[in-house]
There are 2 protein chains.
Amino acid sequence: MFHSDFPIFYLTVDVVLFAQRDGELAVLVVERGEEPYAGSWALPGGFVGDGEELVDAARRELVEETGIDGEGLALEQLRTFGAPDRDRRPHRVVSVAHLAVTRHAEAPTAGTDARAAVWLPVDEVAGRLAFDHDEILAHARERVASKIEYTQLAASFLPPEFTLAQLRGVYEAVWGHPIDPGNFQRKLRAAPDFLESTGASVKPAGGRGRPAEVFRACGRPFDRIGSPVLRSAM
Amino acid sequence: MFHSDFPIFYLTVDVVLFAQRDGELAVLVVERGEEPYAGSWALPGGFVGDGEELVDAARRELVEETGIDGEGLALEQLRTFGAPDRDRRPHRVVSVAHLAVTRHAEAPTAGTDARAAVWLPVDEVAGRLAFDHDEILAHARERVASKIEYTQLAASFLPPEFTLAQLRGVYEAVWGHPIDPGNFQRKLRAAPDFLESTGASVKPAGGRGRPAEVFRACGRPFDRIGSPVLRSAM
DNA sequence: GCAATAGTGTCTATTAGACATTATGGC
DNA sequence: GCCATAATGTCTAATAGACACTATTGC
């Protein structure tokens with residue numbers, strides 16, 4: 001027996017997609033083309049389809065609204081935002097927010113329902129988003145800062161092969177403070193299940209300097225690593 | 001403009017309520033009185049009301065189905081489970097799971113839609129729940145084990161005033177392994193923002209032995225503590 | 001006295017953090 | 001040679017873990 005007199009909901013997904021741009025943590029936002037909040041910045045997202053997995057909906061909306069290919073990017077549920085007054089529209093809209101990280105910070109292309117899609121530094125966009133998206137962004141920011149402590153997620157900001165200097169740059173961008181290069185080297189090289197050497201080495205960024213060893217992440221983005229890389233200890 | 005041709009959802013909340021019983025981690029489950037899964041164990045939960053906050057719905061369902069008073073218990077969103085086939089019924093039902101901890105492991109009273117409500121050791125109930133509730137329980141178990149590392153949540157398993165032996169018992173029950181009493185003392189006493197002494201002391205459990213100092217938690221359940229109490233380091 | 005539990009001391013091995021030093025390239 | 005970056009070494013302070021020891025109660 002199924003009661004059909006329970007309240008009905010519309011369900012959306014929103015995606016907080018982070019990347020590293022110019023040494024800063026950047027987030028992908030769209031300019032809304034429709035009411036409510038037309039003209040405001042918002043997180044990409046949209047309605048969950050019939051019979052669609054939540055995480056698949058997040059991936060699809062990302063492609064549709066921004067042209068960013070969701071294949072191969074680290075994507076995980078963040079939390080659900082369901083305050084009764086969070087959407088101005090007549091029906092109640094609950095959103096399952098997702099956290100994602102990409103190495104491809106290429107220019108997005110505005111798609112359906114969006115006038116524009118751009119990467120912006122998180123510090124610039126904080127406090128200026130539609131709906132409760134500022135709150136979602138704040139949660140996502142804290143989550144990613146926390147996740148890179150005990151998973152390999154930081155590597156998802158980089159190409160498959162990278163140097164320790166690049167990886168350190170990710171930690172610095174996410175945490176917002178500099179890290180001692182020497183200690184970072186030792187700590188990450190000692191971590192048992194994070195990095196594996198490719199044997200190759202590349203010239204450093206400026207062209208000058210000793211070539212750096214090239215590494216690969218040896219697991220999946222959200223896999224736990226043996227010894228955490230703690231914020232407090234960097 | 002609001003499109004009314006988007007899919008509609010039913011939204012439920014489920015609650016994983018943990019307590020400590022006989023030195024073990026116990027979870028509150030109900031025996032379902034209605035189809036689907038009538039007669040099976042399940043987590044307490046139910047449909048979110050019109051205009052109701054998600055966390056309030058979780059609290060309400062807990063009271064309705066088990067008689068457990070939701071006031072004053074640590075309750076937090078866990079994650080949302082929305083696989084298209086997770087409910088056998090015709091409409092899609094998405095559930096926002098919540099994690100809760102209580103010090104009152106008193107006998108629950110079966111309420112609406114439930115034939116019985118009982119506390120069971122988590123090890124006994126794992127693998128025997130309706131819907132995808134085994135998966136939810138597994139997530140909750142991992143979350144609580146993780147939360148007590150860097151918050152004061154462990155104190156929520158105990159009365160407002162407690163001894164370090166009692167608190168150690170909580171960690172042992174949740175993590176499932178014994179902890180050195182001496183080292184635990186030193187570690188927790190040194191933690192800057194977890195405990196405050198009441199000045200009182202009480203006789204130990206068996207009646208025999210040196211009286212133990214009585215403490216209070218000095219913050220809210222999910223507040224971060226300064227120096228984490230790491231599983232790996234206990 | 002003994003048993004039991006609370007709490008402290010001690011030693012070792014590991015680790016973070018600061019910072020100096022060496023290594024390897026471009027110019 | 002100089003400069004820049006990569007990588008290693010060194011020292012100190014803090015901490016986990018094992019375990020011995022002392023303290024305070026009931027019997």
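Every chain is numbered from 1 and lettered A, B, ... according to where its sequence line falls, protein lines coming before strand lines. Excluded from the calculations below are hydrogen atoms, water molecules and symmetry mates; all remaining heavy atoms, backbone and side chain alike, are included.
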*Asks:* I need the full list of ring pair (Phe, Tyr, Trp, His ring centres under 6.0 Å) pairs touching residues 127-155 of chain A, with sequence neighbours left out, sorted by first then second residue.
*Replies:* Tyr37(A)-Phe131(A), Phe81(A)-His139(A), Phe131(A)-His133(A)

*Asks:* Pull out every residue in residues 209-219 of chain A that has a heavy atom closer than 4.0 Å to any atom of DNA chain C, ordered by number, or say none.
*Replies:* Gly209(A), Arg210(A), Pro211(A)

*Asks:* For the side chain of Arg189(A), counting heavy atoms from C-beta on, which of dA4(D), dG26(D), dA7(D) is nearest?
*Replies:* dA7(D)

*Asks:* Over how many whole Å does the gap from Phe184(B) atom CZ to dT15(D) atom P extend?
*Replies:* 17 Å

*Asks:* Tell me the interatomic distance from Lys187(A), atom NZ, to dT14(C), atom P, rounded to whole angstroms.
*Replies:* 14 Å

*Asks:* Between dC27(D), dT5(D), dC3(D), which nucleotide gets closest to the side-chain atoms of Pro204(A)?
*Replies:* dT5(D)

*Asks:* Take atom CG of Leu188(B) and atom P of dT15(D), then tell me their distance rounded to the nearest Å.
*Replies:* 14 Å

*Asks:* To the nearest angstrom, how far is Leu230(A) atom CG from dT15(D) atom P?
*Replies:* 13 Å

*Asks:* In whole angstrom, what separates Ile179(B)'s CD1 from dC19(D)'s P?
*Replies:* 17 Å

*Asks:* Give a yes or no on whether a salt bridge exists between Glu149(B) and Arg224(B), defined as a side-chain N under 4.0 angstrom from a carboxylate O.
*Replies:* no

*Asks:* Mind listing the residues from residues 158-167 of chain B sitting with a heavy atom below 4.0 Å of DNA chain D? Number order is fine.
*Replies:* none

*Asks:* Is it true that Ser95(B) and Asp14(B) share a donor-acceptor pair across their side chains at a distance under 3.5 Å?
*Replies:* yes

*Asks:* Mind checking Gly182(B) for me? I need base, sugar-phosphate or nothing, with any heavy atom below 4.0 Å counting as a touch.
*Replies:* base

*Asks:* Who are the salt bridge (Lys or Arg N to Asp or Glu O under 4.0 Å) partners of Asp69(B), not counting sequence neighbours?
*Replies:* none

*Asks:* Tell me the interatomic distance from Gln185(A), atom CD, to dT15(C), atom P, rounded to whole angstroms.
*Replies:* 18 Å

*Asks:* Closer than 4.0 angstrom, basic N to acidic O: yes or no for Arg189(A) and Glu213(A)?
*Replies:* yes

*Asks:* So does Arg220(B) have more than 12 non-hydrogen atoms from other groups sitting under 6.0 Å from CZ?
*Replies:* no

*Asks:* Run the salt bridge (Lys or Arg N to Asp or Glu O under 4.0 Å) test against Arg103(A) and tell me which residues pass, sequence neighbours left out.
*Replies:* none

*Asks:* Would you mind listing every salt bridge (Lys or Arg N to Asp or Glu O under 4.0 Å) that reaches into residues 117-128 of chain B, with sequence neighbours excluded?
*Replies:* Asp123(B)-Arg141(B)

*Asks:* Which listed nucleotide (dT5(D), dC19(D), dT10(C)) is nearest to the side chain of Asn183(B)?
*Replies:* dC19(D)

*Asks:* To the nearest Å, give me how far apart CZ (Arg186(B)) and C1' (dA14(D)) are.
*Replies:* 13 Å

*Asks:* Whole angstrom is fine here: how far is it from CG in Leu195(B) over to C1' in dG7(C)?
*Replies:* 15 Å

*Asks:* Can you confirm whether Glu76(B) sits close enough to Lys147(B) that some side-chain heavy atom of one is under 4.5 Å from a side-chain heavy atom of the other?
*Replies:* yes

*Asks:* Can a donor-acceptor pair under 3.5 Å be found between the side-chain atoms of Arg168(A) and the base atoms of dT5(D)?
*Replies:* no

